Amino acid sequence: MIEDELKELLRRALQAAAPGLGLDGELPEPELFTPRQKEHGDVATNVALALAARAGRPPVEVARAIVEALPPAPFVERVEVAGPGFINVFLAERWLVDVVRAVAAAGERFGWAPPSGRRAQVEFVSANPTGPLHIGHARNAALGDALARLLEAAGWQVEREYYFNDAGGQMDRFGRSVEARYLELVGREAEVPEDGYHGEYVRDLARDILAAEGPGLADLPADERLVRLRSEGVRRVLAQIERTLERFGVRFDSFVSEASLAERGEVGAAVDRLRAAGYAYEADGAVWFRSTAFGDDKDRVLVRSNGVHTYFGADCAYLIDKFSRGFDRLVYVWGADHHGDVARLRGAAAALGYDPEAVEIVLYQWVTFRRGGEPVAMSKRAGTFVTLDQLIDEVGADAARWHLLTFSNDAAMSFDIDEVKRRSMDNPVYYVQYGHARIASILRKAREAGVELRPIAEVDLDLLAHPSELDLLRAIAGVPGLIATAASMRAPHRLTHAAHDLAGRFHRFYTECRVVSDDEALTQARLWLARATQLVLAGLLGLLGIGAPERMERPDA
RNA sequence: GCGCCGGUAGCUCAGCCUGGAAAGAGCGACGGACUUCUAAUCCGUGGGUCGGAGGUUCGAAUCCUCCCCGGCGCGCCA
């Protein structure tokens, strides 16, 4: 809001200075930015540089003229013309200090935008329920969840959804695998199909089903038996997935089954609707979607020549289902290997009469998991894979999420399990969590010493003037902008970096400034600064789905 | 061949959307700081043709074009 006022002042100064500079016509909107170096002020503008050519004067002269015309304001300490013609504004420290009050009022939600009333759905993970989640799902889970949290902070009302395919060839193989293990357990001859699921977990599922349902399922007619065992298996796998996600800090609002869409006839309805819109046609016995009309490189099959719809066909029905629930924005979180499907999905939205802009696909590049530098080989069907549960057991949910949320979605990344675990001492996540715990400890110690945090209205925050204090304040003041930017860019990793930076500034402040001292007034101001930092750190970690501990034990080694 | 993503310090990566002042962080290396609120900390030093070449611009890691290298995708698979 200070920025808006400053912009208005600059606008007025520009207008006042324009005649003297020989400028007529439309004046540009002054763009503000935060200089990299704090010697360059708190806010700067390059408007003089942009106008120099038009004015036919050196940029520095233009800048001086604008500065001279700038009306005074209480929050402006001083204004400088610097470098090639930048106008650097130094804000009064009193203003900077106000952020402590703002944080005190907002708590961990400092920097959040007010509710916009707009609804977004984030659909993520959506792994087929043929087995436990494994490390291949980790980035999707971490990213989707952080994105959902971030959108909430940006004012969206968010629903998290998990879509699962419980029909199709893959599921048949899964069903037959469960069936085979079940039959084995009741003493019948059976074998897991070669292309089925051979992992030990399938045997566990069968054992569980046997314990709950008894041996009677073996005597059902073959078709019925398969369907029954498959659905019993799916139910258990999904429950297990939900438990794993819970441990990972992820909670879904809804689970949607592909089969249920088909059973309600929604897939057929979607195809009919596309046909009516003129975007579906028959060829070679199949029904095709004219995705080439929407930038795809070839048309796509909706219904195969054997009469069975494709996944894409179901996706169209699902799209209608999603839109019919009134979401303003549909966010899909996909691995980059699906980038080729983006055009057809958004095309389908357009063909169905929806705004394709409302369909947003967030892609992330692949993760190579390693142990001691060597890639971890995985095969789900052979049952050789590292589960997400194992990953959480080994490195912890916080460290795993932090690592997964450190990199830009667009960057392929490596996750060395041994390294993230072994290096836990200097893992950045602990650096940040320690910052939070350290503050908690200070507040605890202060209380033990009889120093209570006084109401902020009674505290003289203007006493905060040490460079490391101001650095901390500046970082806190940037958080609302950070959250807005990270959300609009769908880039949670910006929060990770900012949290690390903030923790660093706190550690520096801690080293240079004694919080609890004989100076009561200063102690109160610093306690509040520490408290505000703690709240903001907890808020940022919260958006990343990472815990903010009150205490951390010093490691021995 | 076409498409998407990457290429920035020894290593791992931010910064690029919306161009701006000496290009940042962590790790690693080297040298310092604990009688004081947790040293899981802090300070300092060294380290970069921002893949290459053109272009736009007063100004390019950032925008445009081409090229090189790497990853991924291009089924009536899931």
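Quick note: numbers below take in every heavy atom, side chains included, and nothing from hydrogens, waters or symmetry partners. So that the names make sense, note that chain A is the first sequence line, chain B the second, and so on, each numbered from 1. All values derive from a computational prediction rather than experimental measurement.
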**OP:** Would you kindly check whether a donor in the side chain of Asn46(A) faces an acceptor in the base of rG20(B), or vice versa, at under 3.5 angstrom?
**Re:** yes

Subject >> Test ring pair (Phe, Tyr, Trp, His ring centres under 6.0 Å) applied to Phe294(A) and Tyr279(A), step by step >> reply: CA-CA 10 Å; Phe294(A) 302 96; Tyr279(A) 289 109; 5.0 Å; yes

Original post:
Where along residues 395-409 of chain A does a heavy atom come under 4.0 Å from RNA chain B, residue by residue in number order?
Top reply: Phe407(A), Ser408(A)

Original post:
Any Lys/Arg nitrogen of Arg230(A) or Asp172(A) sitting under 4.0 Å from an Asp/Glu carboxylate oxygen of the other?
Top reply: yes

Original post:
Can you check the Arg494(A) CZ to rC13(B) C1' distance for me, whole Å?
Top reply: 14 Å

**OP:** Would you kindly give the NE2-to-P distance between His500(A) and rC42(B), to the nearest whole Å?
**Re:** 8 Å

**OP:** Figure out the OH/C1' separation between Tyr510(A) and rA40(B), and round it to whole Å.
**Re:** 12 Å

**OP:** Please collect all side-chain hydrogen bond (donor to acceptor under 3.5 Å, both in side chains) contacts where either partner lies in residues 301-311 of chain A, sequence neighbours excluded, each pair once.
**Re:** Glu258(A)-His309(A)

**OP:** Return the value, rounded to whole Å, for the distance between atom CG of Asp416(A) and atom P of rC13(B).
**Re:** 12 Å

Subject >> Base-pairing string, 5' to 3', of RNA chain B - Watson-Crick or wobble, under 3.5 Å, | interstrand >> reply: (((((((..((((......[...)))).(((((.......))))).....(((((..]....))))))))))))....

Subject >> Side-chain donor/acceptor contact of His507(A) with base of rA39(B) under 3.5 Å >> reply: no

**OP:** Using a heavy-atom cut-off of under 4.0 Å over every strand shown, decide if Arg444(A) touches base, sugar-phosphate, or nothing.
**Re:** nothing

**OP:** Sequence neighbours left out, what pairs pass salt bridge (charged side-chain N to carboxylate O under 4.0 Å, His left out) with at least one residue falling in residues 430-454 of chain A?
**Re:** Arg454(A)-Glu458(A)

**OP:** Would you please name every residue forming a ring-ring contact (aromatic ring centres under 6.0 Å, His included) with His497(A), sequence neighbours left out?
**Re:** none

**OP:** Determine the contact category for Ala44(A): base if any of its heavy atoms lies under 4.0 Å from a base atom, sugar-phosphate if only primed atoms, P, OP1 or OP2 are that close, otherwise nothing.
**Re:** base

Subject >> Pairwise 5' ranking along RNA chain B for Ser517(A) and Arg344(A), keeping only the more 5' one >> reply: Ser517(A)

Original post:
Between Ile442(A) and His338(A), which is nearer to the 5' end of RNA chain B once each is assigned its nearest nucleotide?
Top reply: Ile442(A)

Subject >> Distance-only side-chain donor-acceptor flag, Asn165(A) / Gln170(A), under 3.5 Å >> reply: no

**OP:** With heavy atoms under 4.0 Å as the rule, sort Ala437(A) into base, sugar-phosphate or nothing.
**Re:** base

Subject >> Set of ring-ring contact (aromatic ring centres under 6.0 Å, His included) partners for Phe369(A), sequence neighbours left out >> reply: Phe415(A)

Subject >> Euclidean distance for P, rC5(B) against rC64(B) (whole angstrom) >> reply: 11 Å

**OP:** Pick base, sugar-phosphate or nothing for Ser305(A), based on heavy-atom distances below 4.0 Å to the nucleic acid.
**Re:** base

Original post:
Within the structure shown, what part of the strands sits under 4.0 Å from His493(A) by heavy-atom distance: base, sugar-phosphate, or nothing?
Top reply: sugar-phosphate

**OP:** Check every strand shown and say whether Asp284(A) touches a base, only sugar-phosphate, or nothing at a heavy-atom separation below 4.0 Å.
**Re:** base

Original post:
Have Tyr364(A) and Asp410(A) got a donor and an acceptor in their side chains that come within less than 3.5 Å?
Top reply: no

Original post:
Using a cut-off of 4.0 Å on non-hydrogen atoms, how would the nucleic acid contact of Ala286(A) be classed: base, sugar-phosphate, or nothing?
Top reply: base

Original post:
Would you call the rings of His500(A) and Trp402(A) parallel, tilted or perpendicular if under 30° counts as parallel and over 60° as perpendicular?
Top reply: tilted

**OP:** Measure from the ring centre of Tyr431(A) to the centre of the six-membered ring in the base of rA40(B), then say whether that distance is under 5.5 Å and the planes meet at under 30°.
**Re:** no

**OP:** Output every pair passing salt bridge (charged side-chain N to carboxylate O under 4.0 Å, His left out) with a member in residues 489-499 of chain A, not counting sequence neighbours, ordered by first then second residue.
**Re:** Glu360(A)-Arg490(A)

Original post:
rA14(B), rC37(B), rA40(B): which one has an atom nearest the side-chain heavy atoms of Ala411(A)?
Top reply: rA14(B)

Would you list the protein and nucleotides 43-45 of chain B atom pairs, both N or O, that sit under 3.5 Å from each other?
residue	atom	partner	partner atom	Å
rC43(B)	OP1	Arg508(A)	NE	2.5

Subject >> By ring-ring contact (aromatic ring centres under 6.0 Å, His included) - contacts of Phe407(A) (at least two apart) >> reply: His403(A)

Original post:
Of all of residues 293-300 of chain A, which get a heavy atom below 4.0 angstrom from RNA chain B, listed by number?
Top reply: Asp297(A), Lys298(A)

Subject >> Which residues share a ring-ring contact (aromatic ring centres under 6.0 Å, His included) with Tyr510(A), sequence neighbours left out >> reply: none

**OP:** Give Ala449(A) one of three labels, base, sugar-phosphate or nothing, depending on what nucleic acid heavy atoms sit under 4.0 Å from its own.
**Re:** nothing

Original post:
Which residue pairs pass the ring pair (Phe, Tyr, Trp, His ring centres under 6.0 Å) test when at least one of the two sits in residues 36-63 of chain A, sequence neighbours left out?
Top reply: none

Subject >> Under-4.0 Å salt bridge between Glu394(A) and Arg371(A) >> reply: yes

Original post:
Between the side chains of Arg370(A) and Ser414(A), is a donor N or O closer than 3.5 angstrom to an acceptor N or O?
Top reply: yes

**OP:** Could you tell me whether the side-chain ring of His40(A) sits stacked on the base of rA21(B), using a centroid cut-off under 5.5 Å and a plane angle under 30°?
**Re:** yes

**OP:** Tell whether Asp501(A) reaches the base of rA14(B) with its side chain through a donor-acceptor pair below 3.5 angstrom.
**Re:** no

**OP:** Using only heavy-atom distances, decide whether a donor-acceptor pair under 3.5 angstrom links the side-chain of His339(A) to the base of rG3(B).
**Re:** yes

